[in-house]
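Chain identifiers are assigned alphabetically (A, B, ...) following the order of the sequence lines, protein sequences preceding nucleic acid strands; residue numbering begins at 1 within each chain.
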Protein chains: 2
Amino acid sequence: MFSKACKYAVKATIYIAVQSGQNTRTSLKDISAKIDSPEAFTAKVLQVLVKNQVIESLKGPLGGFFISNEAAKLITLSHVVYLIDGTETFNSCGLGLKECSECRPCPMHHKFQRIRSELKEMIEKTTIYELVLKVGEGESFLM
Amino acid sequence: MFSKACKYAVKATIYIAVQSGQNTRTSLKDISAKIDSPEAFTAKVLQVLVKNQVIESLKGPLGGFFISNEAAKLITLSHVVYLIDGTETFNSCGLGLKECSECRPCPMHHKFQRIRSELKEMIEKTTIYELVLKVGEGESFLM
DNA sequence: CATATAAAGGACAGTTTTGTCCGAAATTAT
DNA sequence: ATAATTTCGGACAAAACTGTCCTTTATATG
Ligand code: FES
Ligand code: FES
């Protein structure tokens, strides 16, 4: 469904936002420990998020990754997912036809398209902040 | 969502069933031409389906792949998908937690699990025969 | 039996994804 | 300034997925 890179990206963003909520920057080491991900690989993924201004970073001692509370409220799951995995999964034919269209559908289209839309809507409407709240309240977990 | 191998497998099975409906066996060459897939790679995928009795095959002249009408009515999309891609996508945590559970959920669980269930139910309840009918009626296409 | 045809199966190659390593650059504290 | 810390960036390695080629096996036909 989502690539590993994407899962790491989402979990990392959530964790960074949780920490930023208490005004502390988070180091790569801390992140990968708390979301159970390979450190160097996670670094690559985070670089993409930084470059695209989903999160911010600062080098040096006391450095690390962070995200403002306001940003976390604006940024959705889809922002992260589309950056890492692209949009194909959410727009293309489930059986691999070159075009997914109502007028020339694959045999699965009618049923598939509905579910794909729901998934798309879900990631587009869910903000990182929403997810942060659940983790903060101890209702949910990142590893 | 589904791997390429899986997409080829599903489309091939449908096409084979369409042809078997008119009592003709289908050659690999014909299949990959009609579903727009690489021949040799498709062969590998079909071997798995034959070995697991989703479809049948016969060697030699007049040989090819086929599936009985009754089998096509019993076999679901999930049969094919699970054989090629496995069941992980439909049972595991969308964010990669080792367990997907209500009592120890990831922050996305509540929303994700619902959609994943719908997808799972869709592939488990949709028979190959259903899809064959749509193709037969010219309502849908395989390439 | 000889021949032609088509799937089966093994080996291998290319591409993408995932993961590691290490030096460079930036920042802080001493 | 120097040293320590932490991200950045490039190169590389391993694994998984996708794709190809070629030989073997089974079947039908003359
Ligand atoms: S055409 Fe296949 S999902 Fe729309
Ligand atoms: S725990 Fe993540 S989807 Fe269920």
Side-chain angles (χ1 to χ4, degrees), chain A residues 1-13 15-16 19-20 24-67 81 83-86 88-89 95-96, chain B residues 1-13 15-16 19-20 24-67 81 83-86 88-89 95-96:
Chain A
M1 192 80 81
F2 305 115
S3 70
K4 287 194 175 188
C6 186
K7 291 171 186 174
Y8 298 152
V10 169
K11 289 193 289 185
T13 304
Y15 181 66
I16 291 165
Q19 295 303 104
S20 294
T24 48
R25 291 182 195 127
T26 321
S27 73
L28 173 62
K29 197 171 177 178
D30 187 25
I31 293 167
S32 53
K34 294 296 169 42
I35 71 172
D36 186 30
S37 70
E39 208 172 304
F41 188 62
T42 306
K44 301 293 184 195
V45 174
L46 292 183
Q47 275 175 41
V48 176
L49 299 184
V50 169
K51 194 163 286 178
N52 287 276
Q53 298 162 333
V54 168
I55 57 179
E56 295 177 82
S57 72
L58 211 68
K59 292 178 184 178
L62 302 193
F65 299 89
F66 57 101
I67 182 173
V81 171
L83 272 178
I84 306 297
D85 278 354
E88 207 185 297
T89 311
L95 291 183
Chain B
M1 190 81 82
F2 306 115
S3 70
K4 287 192 174 188
C6 186
K7 292 170 185 172
Y8 299 153
V10 170
K11 288 194 288 185
T13 304
Y15 181 65
I16 291 166
Q19 294 304 106
S20 295
T24 48
R25 290 182 195 128
T26 320
S27 73
L28 173 61
K29 199 172 177 180
D30 187 26
I31 292 168
S32 53
K34 294 297 170 43
I35 70 172
D36 186 30
S37 69
E39 209 172 304
F41 188 63
T42 307
K44 300 293 182 196
V45 174
L46 292 183
Q47 276 175 41
V48 175
L49 299 184
V50 170
K51 197 164 284 179
N52 288 276
Q53 297 162 333
V54 168
I55 56 180
E56 295 177 83
S57 72
L58 210 70
K59 291 180 185 175
L62 302 193
F65 299 90
F66 57 101
I67 181 173
V81 171
L83 274 177
I84 307 296
D85 279 353
E88 206 185 297
T89 310
L95 291 183

Is any side-chain nitrogen or oxygen of [X] closer than 4.0 Å to OP1 or OP2 of [N]?
{"X": "A:Ser57", "N": "D:dC8", "answer": "yes"}
{"X": "B:Gln47", "N": "C:dA7", "answer": "no"}
{"X": "A:Tyr8", "N": "C:dT18", "answer": "no"}

CD/B:Glu39: more than 12 non-hydrogen atoms of other groups inside 6.0 Å = yes

Is there side-chain contact between [X] and [Y], with at least one heavy-atom pair below 4.5 Å?
{"X": "A:Pro38", "Y": "A:Tyr8", "value": "yes"}
{"X": "B:Ile84", "Y": "B:Phe2", "value": "no"}
{"X": "A:Val54", "Y": "A:Val48", "value": "no"}
{"X": "A:Ile31", "Y": "A:Leu46", "value": "yes"}

For residues B:Thr42 and B:Ser32, is any side-chain donor paired with an opposing acceptor at under 3.5 Å?
-> no

When all nucleic acid strands are considered with a 4.0 Å heavy-atom cut-off, which category describes B:Thr42: base, sugar-phosphate, or nothing?
-> nothing

Sugar-phosphate only, base, or nothing, as touched by B:Lys51 at under 4.0 Å among non-hydrogen atoms | sugar-phosphate

Minimum heavy-atom separation for [X] to [Y], with atom names?
{"X": "A:Val45", "Y": "A:Ala9", "value": "CG1-CB, 3.4 Å"}
{"X": "B:Val50", "Y": "B:Glu56", "value": "CG2-C, 4.5 Å"}
{"X": "B:Met1", "Y": "B:Asp85", "value": "O-OD2, 4.5 Å"}

Expected list for residues 27-39 of chain B near DNA chain C, using heavy atoms below 4.0 Å, is B:Ser27, B:Leu28

Protein N or O to nucleotides 10-17 of chain C N or O, pairs below 3.5 Å:
| unit_1 | atom_1 | unit_2 | atom_2 | d |
| --- | --- | --- | --- | --- |
| C:dG10 | N7 | B:Lys44 | NZ | 3.0 |
| C:dG10 | O6 | B:Lys44 | NZ | 2.5 |

Take atom CZ of B:Phe66 and atom C1' of C:dA6, then tell me their distance rounded to the nearest Å.
-> 13 Å

Measure from CZ on B:Phe65 to C1' on D:dT27 and round the result to the nearest Å.
-> 14 Å

Counting N and O atoms only, with roles assigned by atom type, does the side chain of B:Thr24 sit under 3.5 Å from a partner on the main chain of B:Ser20, one being a donor and the other an acceptor?
-> no

Atom pair CD1/CD1 of B:Ile67 and B:Ile16 - distance to nearest 0.5 Å = 7.5 Å

Dump the pairs, protein N or O against N or O of nucleotides 28-30 of chain C, anything under 3.5 Å, distances to one decimal.
none

